[in-house]
Every structure is written in structure tokens, then in C-alpha cells.
Amino acid sequence: MTKSPLRSLDGNLLLEALHDADRGLLAPHAERREVGRGDVLFRAGDDVSHVTFPAQGCVVTLVVPLQDGKSVETATVGREGAIGGVVSQGYLPAFGQAVVQVAGPVIRIDADRLAEAKHASKTVRDLFVRYADCLLAQVLQSVACNAAHTIERRCMRWLLTLQDRLGTPDLPVTHEVLADMLGVRRAYLTEVLGRLRRDGLIEIGHRRLTLPDRARAEAASCECHAAVRHHFAEVLGAIYAPGGRIVAVDASEPDRLKPPSPTVTLRELAP
């Protein structure tokens with residue numbers, strides 16, 4: 001049996017949400033490749049000519065490198081999203097850096113071809129506008145979180161965000177990587193993780209951390225994790241499995257999207 005060219009888009013929820021006619025605009029231009037943990041997809045200042053869609057279990061983190069050698073996470077993107085030229089037509093210098101945190105497949109589409117598909121299809125254009133809004137919300141919430149919340153709550157927020165994209169309590173993340181994402185020294189993070197382990201919130205294994213109780217992890221996190229999940233659900237139609245994993249987004253009926261809801265109080269968003 002001949003494999004359908006539309007299958008080249010499988011594994012990424014944004015692309016899977018599109019109907020076949022819209023997927024047909026993108027499938028001929030899709031390129032699949034495997035990326036490894038630690039691979040840098042683009043650096044600050046690079047021209048970004050392709051939009052990259054993590055697929056299946058792949059996770060990419062957007063970070064801002066600082067002059068002292070540290071870097072701070074601004075957004076974590078898995079199979080629910082895309083990075084690089086999401087809003088623009090590409091070929092603009094990147095402000096930050098995209099680093100692969102969990103190895104796996106990605107789908108690359110030339111930014112010009114994606115721009116053509118947006119022009120040809122209102123549904124494609126609408127889906128990416130809504131996703132760009134959600135990505136910006138994640139970045140803004142990360143800025144607020146880094147400025148206002150304790151390292152323990154920030155740590156739980158980051159681990160929950162990763163779990164949302166992997167769907168497993170066992171998270172393949174090292175102390176070194178997590179320290180880089182949170183912008184702190186590894187020795188300091190080790191102390192923080194020790195406190196979280198003593199409280200029963202995490203388990204520490206070889207090159208991985210485990211969240212044994214999702215509900216307790218959510219209660220120990222700041223409100224930032226719930227706020228971003230709420231925005232993804234409201235704006236992008238994200239659907240979450242009971243364990244927290246994002247399992248689908250909605251690209252249908254762009255003209256019938258409800259207007260933004262009134263501001264949700266922190267109490268309403270709290271787990």
C-alpha cells in the first residue's frame with residue numbers, strides 16, 4: 001500500500017488538527033528528521049528560514065542566553081506547537097536560542113511555503129495566529145514567574161510543563177539541564193531538589209526526575225502552570241488527558257471562536 005503524503009505531517013498536533021485539504025498545502029514541503037538531545041536548532045542572530053514542528057515525544061526549549069554564560073528558559077514546546085518564524089514569513093534573525101531537551105522527530109517546513117499556505121487557507125492562518133498568541137502567553141508567564149516566584153515553585157512549574165508534553169511521570173531531565181533552564185547554579189538546584197524530594201514531590205533517578213503525584217505537584221507549583229494551560233484550552237482548543245498530557249488541539253470553525261473571557265482569578269486557576 002502506498003503511504004499517503006499527508007502522513008508526513010503525523011505526530012504534531014497543530015498539523016494533525018488541519019483537515020486534509022489544508023494538510024495537502026503543507027505536506028509536499030514537509031521534511032522529517034531526527035534531532036538529538038542538546039542539538040541547537042538555531043541561535044540568537046541566525047536567520048530562521050524554516051518552521052520546526054516537534055513531533056511525538058520531542059521537546060524543544062526556547063532560551064535566552066546571557067553574557068555571563070547562563071541561559072534562561074522562556075518557553076517549552078512539544079508536539080502541540082512550532083518554533084521559528086511562526087508569525088513572520090521567516091528569514092528574520094532569531095532573538096533567542098532553540099535547544100532540544102528530549103530527542104525525537106521534528107517536521108520542518110520552509111517558512112515561505114507556510115506563508116503561502118496561510119495566504120491560501122483562512123483555517124491555516126487562523127490556527128497559527130491562535131498558536132502564536134498561546135506561545136506569547138507562555139513566554140510572558142515565564143517572565144512573570146521568574147520575577148515573582150520561589151525557585152521551588154518555578155521548578156515544579158517547569159517539570160509539570162514538560163510532563164504535559166510527554167505524558168509520563170518519568171521526565172528525562174538532568175540537574176544540569178534543569179539548572180540551566182531556571183538560571184541558577186547546579187549546586188543550588190541540587191539543594192532545592194533535595195527539599196522537594198524530602199517533601200515527596202519528586203523522585204530522583206539517573207538522568208531523570210519523577211513526579212509521583214500529579215495533584216500534589218500542581219498544588220506545589222505556582223499559578224503560572226495553570227494559567228498557561230487555561231489559555232491554551234481557551235484560545236487553541238487544547239484538550240488534556242487526565243494525566244495532564246496535551247492530546248489534541250482544535251483547528252475547526254475559526255469564525256466561531258468565542259471572544260476572550262474575562263480575566264480569570266488566580267483562585268479559579270489554582271489546582
Side-chain angles (χ1 to χ4, degrees), residues 14 40-44 48 52 54 58-87 94-102 130-166 171 173-186 188-189 192-193 196 202 209 211 217-236 238 240 244-246 249 263-264 266 269-271:
L14 277 181
V40 178
L41 303 186
F42 56 78
R43 301 180 187 276
V48 181
T52 301
C58 182
V59 177
V60 179
T61 302
L62 296 175
V63 300
V64 175
L66 304 176
Q67 290 184 350
D68 62 2
K70 294 181 181 178
S71 59
V72 180
E73 173 260 357
T74 59
T76 299
V77 181
R79 65 176 191 149
E80 83 294 340
I83 55 173
V86 173
V87 179
F95 184 77
Q97 183 168 288
V99 183
V100 178
Q101 295 300 340
V102 181
R130 287 190 282 147
Y131 173 68
D133 180 85
C134 288
L135 183 59
L136 178 59
Q138 190 180 167
V139 171
L140 293 175
Q141 196 73 53
S142 179
V143 171
C145 186
N146 290 339
H149 296 138
T150 65
I151 184 64
E152 289 83 3
R153 288 184 177 274
R154 289 169 52 204
C155 183
M156 296 307 298
R157 186 263 302 175
W158 196 88
L159 293 174
L160 284 166
T161 298
L162 184 60
Q163 187 181 42
D164 288 347
R165 282 142 184 82
L166 294 177
L171 307 176
V173 58
T174 65
H175 292 201
E176 182 178 7
V177 166
L178 188 53
D180 285 344
M181 293 302 98
L182 298 175
V184 299
R185 293 180 295 106
R186 178 176 176 178
Y188 178 48
L189 179 72
V192 172
L193 294 178
L196 294 175
I202 65 170
L209 298 172
L211 297 179
E218 290 177 345
S221 174
C222 53
E223 70 269 13
C224 297
H225 174 254
V228 172
R229 278 171 58 94
H230 177 85
H231 197 71
F232 267 73
E234 186 170 62
V235 175
L236 197 60
Y240 294 87
R245 188 184 191 196
I246 304 174
V249 299
T263 301
V264 180
L266 300 182
L269 289 174

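This structure is a prediction, so every number in the text was calculated from the model and none was measured. The basis for the numbers below is simple: all heavy atoms, side chains too, and nothing from hydrogens, waters or symmetry mates.
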>> Applying side chain to side chain contact (heavy atoms under 4.5 Å, CB included) to Leu41 and Val99, what does each step give before you reach the verdict?
In response: CA-CA 6 Å; Leu41 303 186; Val99 183; over 6 Å; no

> Considering all heavy atoms of both residues, which atom of Ala98 and which atom of Val60 are nearest to each other, and what is their separation?
Replying inline: CB-CG1, 4.0 Å

> Is any side-chain heavy atom of His225 less than 4.5 Å from a side-chain heavy atom of Gln141?
Replying inline: no

>> Has Arg43 got a side-chain atom pairing as donor or acceptor with Gly96's backbone, closer than 3.5 angstrom?
In response: no

>> To the closest 0.5 Å, what do you measure between OG (Ser142) and CE (Met181)?
In response: 10.5 Å

> How close do Ala179 and Leu189 get, heavy atom to heavy atom, and via which atoms?
Replying inline: N-CD2, 3.3 Å

> So Leu66 and Ser71, side chain to side chain contact (heavy atoms under 4.5 Å, CB included) or not? Walk me through it.
Replying inline: CA-CA 6 Å; Leu66 304 176; Ser71 59; over 6 Å; no

>> Using a 3.5 Å distance criterion without hydrogens, assess whether the side chain of Tyr131 forms a donor-acceptor pair with backbone atoms of Ala82.
In response: yes

>> As an exercise, state the distance from CG of Leu160 to CG of Leu211, rounded to the nearest 0.5 Å.
In response: 6.0 Å

>> Quick check: closest heavy atoms across Ala94 and Val48, and the distance to 0.1 Å?
In response: CB-CG2, 3.7 Å

> Atom CG in Leu162, atom CG in Leu171: separation rounded to 0.5 Å?
Replying inline: 5.0 Å

> Glu80 side chain to Gly78 main-chain N or O, any donor-acceptor pair under 3.5 Å?
Replying inline: yes

> Looking only at heavy atoms, what is the nearest atom pair of Cys145 and Cys224, with distance?
Replying inline: CB-SG, 3.5 Å

>> With side chain to side chain contact (heavy atoms under 4.5 Å, CB included) as the criterion, how do Leu196 and Glu152 come out once you've worked through the C-alpha distance, each side chain's angles and the decisive distance to 0.1 Å?
In response: CA-CA 7 Å; Leu196 294 175; Glu152 289 83 3; 4.2 Å; yes

>> Quick check: closest heavy atoms across Ile246 and Ala238, and the distance to 0.1 Å?
In response: CG2-CB, 4.4 Å

> How far does CZ of Arg154 sit from OG of Ser221, to the nearest 0.5 angstrom?
Replying inline: 11.5 Å

> side chain to side chain contact (heavy atoms under 4.5 Å, CB included) between Val192 and Val184: does it pass, once the steps are laid out?
Replying inline: CA-CA 11 Å; Val192 172; Val184 299; over 6 Å; no

> Salt bridge or not for Arg245 and Asp164, using N-O below 4.0 Å?
Replying inline: no

>> Thr76: which residues meet the side chain to side chain contact (heavy atoms under 4.5 Å, CB included) condition with it, sequence neighbours left out?
In response: Val59, Thr61, Glu73, Gln138, Trp158, Thr161, Arg165

>> If I compare all heavy atoms of Val77 with all of Pro54, which pair ends up nearest, and what's the gap?
In response: O-CG, 3.9 Å

> So how far is it from Phe42 CZ to Phe95 CZ, rounded to the nearest 0.5 Å?
Replying inline: 12.0 Å

>> Applying side chain to side chain contact (heavy atoms under 4.5 Å, CB included), can you list everything that pairs with Ala137, at least two apart in sequence or on another chain?
In response: His231

